[in-house]
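These notes concern the structure reproduced below.
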There are 2 protein chains.
Amino acid sequence: MSETALESQARPRGRRPMSERRRWLQRLEISREAVRLFRERGVAETTGEDIADAVGLSVRTLWRYFRSKESCVEPVLSLTTDAFVDTLRRWPSGSSLEEHLVADHRMRDQVSPADGDATLAVVAMSRREPALRALWLVVYERAEPVLAQVVADRLGRSPEDLAVRVQAATLAAALRITTEDLAADLADGRARSDDEGGARLSEAVRAATHGVLGDEPPSA
Amino acid sequence: MSETALESQARPRGRRPMSERRRWLQRLEISREAVRLFRERGVAETTGEDIADAVGLSVRTLWRYFRSKESCVEPVLSLTTDAFVDTLRRWPSGSSLEEHLVADHRMRDQVSPADGDATLAVVAMSRREPALRALWLVVYERAEPVLAQVVADRLGRSPEDLAVRVQAATLAAALRITTEDLAADLADGRARSDDEGGARLSEAVRAATHGVLGDEPPSA
DNA sequence: TCAATAATGGCAAATAGTGCCATAAAGGCG
DNA sequence: CGCCTTTATGGCACTATTTGCCATTATTGA
């Protein structure tokens with residue numbers, strides 16, 4: 001086991017594994033094409049081969065990146081939800097959520113309008129596509145531990161606390177439902193301004209937290 | 001168009017469609033066998049043909065009852081979550097949730113210990129099986145509209161209200177997380193009594209609702 | 001250039017699911 | 001009881017999904 005001792009400084013000698021970031025980008029590229037095809041023809045009418053062709057990959061390699069064709073949309077969804085969560089993470093204590101949403105512009109830098117559109121389209125499609133619905137819920141569940149950390153920091157408690165985890169799940173549900181409402185409104189032709197979106201989000205978070213996290217209506 | 005007028009009293013002449021209840025029982029029977037096989041051999045090692053054979057159906061008919069082998073576990077999960085939701089529906093205003101959980105025994109009549117075990121086993125497996133996890137989340141999402149009605153009744157508001165829907169999602173998350181904790185504890189060999197389960201559930205609901213629904217700690 | 005390692009692609013095979021049609025089962029009616 | 005109608009099931013072929021295996025290619029260090 002002298003090898004074990006040297007393990008930490010063992011230099012790899014061949015081709016290095018794909019970097020995490022490069023793999024992430026590749027998955028995102030596939031994801032965008034998959035969403036485009038799903039929107040154009042529908043999920044059932046899009047085959048794994050179609051997606052692979054659109055990206056310029058072999059089918060075999062596609063299945064190395066994703067376990068199913070539906071899960072191809074996951075990176076685009078995660079991109080948007082991660083931006084949401086990051087925005088919440090930057091929400092300073094003592095300010096209202098609405099003020100923060102107006103003041104914090106980094107979310108618009110983090111996710112392009114095209115990806116935002118794509119996400120809302122997938123959420124709208126998920127009303128009819130059980131596989132997409134399941135994926136959407138899974139994506140939001142994965143946000144819960146991150147939100148638990150945010151809540152824990154804010155309340156000065158442990159992220160393992162049952163109350164903290166429940167509060168995080170609550171926050172996730174508020175974000176999710178607001179997004180679903182927005183997607184439904186857009187899909188059904190009811191337009192909505194970004195400002196109203198922010199207000200609805202604040203309302204949802206307030207309904208979910210009852211002010212425990214320190215947000216107050218801006219008029220108060 | 002005269003046919004349209006008579007449509008309501010048109011008597012069917014051939015074999016009647018399977019009753020909703022019979023179809024539900026058939027799905028439940030399949031579900032129990034599927035869970036049994038999944039527990040014994042794992043999901044990947046269980047094929048659709050295995051499930052069909054266990055129930056005594058042809059594979060073709062199995063796929064008429066379920067769209068995928070993983071979704072076969074859905075009826076057992078729904079059985080348990082429905083019982084949970086029904087218990088909440090019977091929760092009288094003005095009493096603490098813990099008192100209600102102790103007093104209301106109908107949940108134990110509604111779901112057998114075997115089905116409860118099966119549900120917890122599936123939840124435990126869902127930590128490693130993405131398809132089961134997705135299904136579990138979908139089952140709980142379907143409970144949200146029902147819970148929204150419960151919340152709406154309790155608060156005298158519309159079940160369409162954003163705040164009501166968010167509160168319902170919050171309640172669903174509390175139930176879900178409590179169940180997941182219980183499943184994890186059981187799977188990891190940490191026993192837990194029913195009483196403690198009720199206490200944890202009350203704690204979760206209280207953390208989620210902040211007393212808005214009228215529950216109070218029994219000591220208060 | 002050579003050796004080593006990782007990514008990709010091609011092919012075959014197993015599994016998952018669907019469409020189509022034949023047959024069996026369950027009713028009503030004479 | 002046979003006759004007719006409708007539904008549930010089963011069998012078969014077929015497509016799609018997904019994985020294992022191996023050859024090929026690409027990328028790195030020596």
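FYI, side chains are in, hydrogens and waters are out, and symmetry mates aren't considered; it's all heavy atoms of this structure.
Applying the 4.0 Å criterion to OP1 and OP2 of dT15(C), one finds that Lys69(B) has every side-chain N and O outside that range. For Tyr65(A), a side-chain nitrogen or oxygen approaches OP1 or OP2 of dT8(C) to under 4.0 Å. OP1 and OP2 of dA14(C) both lie 4.0 Å or more from every side-chain N or O belonging to Thr47(B). Not one side-chain nitrogen or oxygen of Ser68(A) sits closer than 4.0 Å to the OP1 or OP2 atom of dT17(D).
Closest approach to the Arg15(A) side chain among dT25(D), dC21(C), dT18(D) is made by dT25(D) (side chain taken as heavy atoms from C-beta onward). With dT18(C), dT7(D), dT9(D) as the candidates, the nucleotide lying closest to the side chain of Met18(B) is dT9(D). Minimum atom distance to the side chain of Arg16(A) is reached by dG29(D), of the listed dG9(C), dA7(C), dG29(D).
Arg67(B) comes within contact range of the sugar-phosphate backbone alone, with a heavy-atom separation under 4.0 Å but no base atom that close.
For the pair Arg127(A) and Glu180(A), the salt-bridge criterion is not met [side-chain N within less than 4.0 Å of a carboxylate O]. By the 4.0 Å N-to-carboxylate-O rule, Arg200(A) lies close enough to Asp181(A) to be salt-bridged with it. Electrostatic pairing of Glu144(A) and Arg176(B) counts as a salt bridge here, judged by a charged N lying under 4.0 Å from a carboxylate O.
Taking atom CZ of Arg60(B) as the reference point, atom P of dC20(C) lies 11 Å away to the nearest angstrom. Taking atom CH2 of residue Trp63(A) and atom P of nucleotide dA16(C), one finds them 15 Å apart after rounding to whole Å.
Looking only at atom types and distance, the side chain of Asp115(B) has a donor-acceptor partner in the side chain of Ser112(B) under 3.5 Å away.
Position along DNA chain D of the nearest nucleotide to Gly14(B) versus Thr61(B) favours Gly14(B) as the more 5'-ward residue. The residue among Arg13(A) and Ser58(A) whose nearest nucleotide of DNA chain C lies closer to the 5′ end is Arg13(A). Nearer the 5' end of DNA chain D, as judged by each residue's closest nucleotide, is the contact made by Ala44(A), out of Ala44(A) and Arg64(A).
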